[in-house]
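Taking it in order: structure first as structure tokens, then the write-up.
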Amino acid sequence: MRLLGISGTITGSKTLVVVNKVLDEIQTIHPEIEVELLDLKNFDIQFCDGRHPSEYNDDTKQLIETISSADFYVIGSPIFQGSITGVLKNLFDLVPPDVFRNKVMGFIATGGTYQHYLVIENQLKPIAGYFRAYVAPSYVYAHIDHFNHKNELFDKDVLSRVKNLANELVYMNQALYKVPFIK
């Protein structure tokens, strides 16, 4: 079983901190699960323009392949101007929609206002619905106040939500693998 964490930004570091927290929690509880992190800062991603995935640069092709081969996902985005990042939306546009079908997704968002958590409900969950993915009921939203001066997540409530999300992702994915899908 392979879990892919995606830090959906090319700027800042708080989203990466929270995605890593979820991956670490899962790795601690379930060391048998292979986890991988995609930090979009480390890739030269081309803009989606409708061409076949094989025609993009090597970084873009690698991202599409890595995402396609994962069994389930935890996806994070900072919230800018009341929305997910453009690079994350571009990534969703690059990956064929059937890649996510019947797979579990969990969401993380970070932001500067306490209302930005609504982006998970109003943007990320509908995107997952379009893909016909299963969404973990919990999610993690972390405000800038939930981090200390060393950029460490310290808020007990948010850390509790990290554990809840980690448990739900594994539980849902394991439950889905036990029952074969009728095609």
Kindly state each residue pair satisfying salt bridge (Lys or Arg N to Asp or Glu O under 4.0 Å) with at least one member in residues 84-97, sequence neighbours excluded. K89-D93
Once ring pair (Phe, Tyr, Trp, His ring centres under 6.0 Å) is applied, do any residues pair with H30, and if so which ones, sequence neighbours excluded? none
Looking at residues at least two apart in the chain, or sitting in another chain, which of them share a side chain to side chain contact (heavy atoms under 4.5 Å, CB included) with Y117? Y139, Y141
Check for a donor-acceptor pair, side chain of N90 on one end and backbone N or O of G86 on the other, with a separation under 3.5 Å. no
For L159, check side chain to side chain contact (heavy atoms under 4.5 Å, CB included) against everything at least two apart and list the hits. K21, L153
Mind checking side chain to side chain contact (heavy atoms under 4.5 Å, CB included) for A166 and listing every partner two or more places apart, or none if nothing turns up? V22, E25, I26
The ring pair (Phe, Tyr, Trp, His ring centres under 6.0 Å) partners of F131 (sequence neighbours excluded) come to F92, F100
Tell me, which pairs form a salt bridge (Lys or Arg N to Asp or Glu O under 4.0 Å) where one or both residues lie in residues 127-155, sequence neighbours left out? none
Test: salt bridge (Lys or Arg N to Asp or Glu O under 4.0 Å). Region: residues 70-87. Which pairs qualify, not counting sequence neighbours? none
Verify same cluster id: I33, V162 (apolar side-chain graph, 4.5 Å): yes
Pairs touching residues 2-13 that satisfy salt bridge (Lys or Arg N to Asp or Glu O under 4.0 Å), sequence neighbours left out: R2-E34, R2-E36
Per the side-chain hydrogen bond (donor to acceptor under 3.5 Å, both in side chains) rule, what does the pair list look like for residues 5-20, sequence neighbours excluded? S13-N151, K14-N151, T15-T110
Heavy-atom neighbours of I10 CD1 exceed 12 at 6.0 Å: no
With sequence neighbours left out, what residues match E55 under side chain to side chain contact (heavy atoms under 4.5 Å, CB included)? R51, H52
For K61, what residues pass the salt bridge (Lys or Arg N to Asp or Glu O under 4.0 Å) criterion, not counting sequence neighbours? D58
For atom CD of E32, is the number of surrounding heavy atoms from other residues, nucleotides or ligands below 6.0 Å larger than 12? yes
Short side-chain to backbone donor-acceptor contact, N164 and S138, under 3.5 Å: no
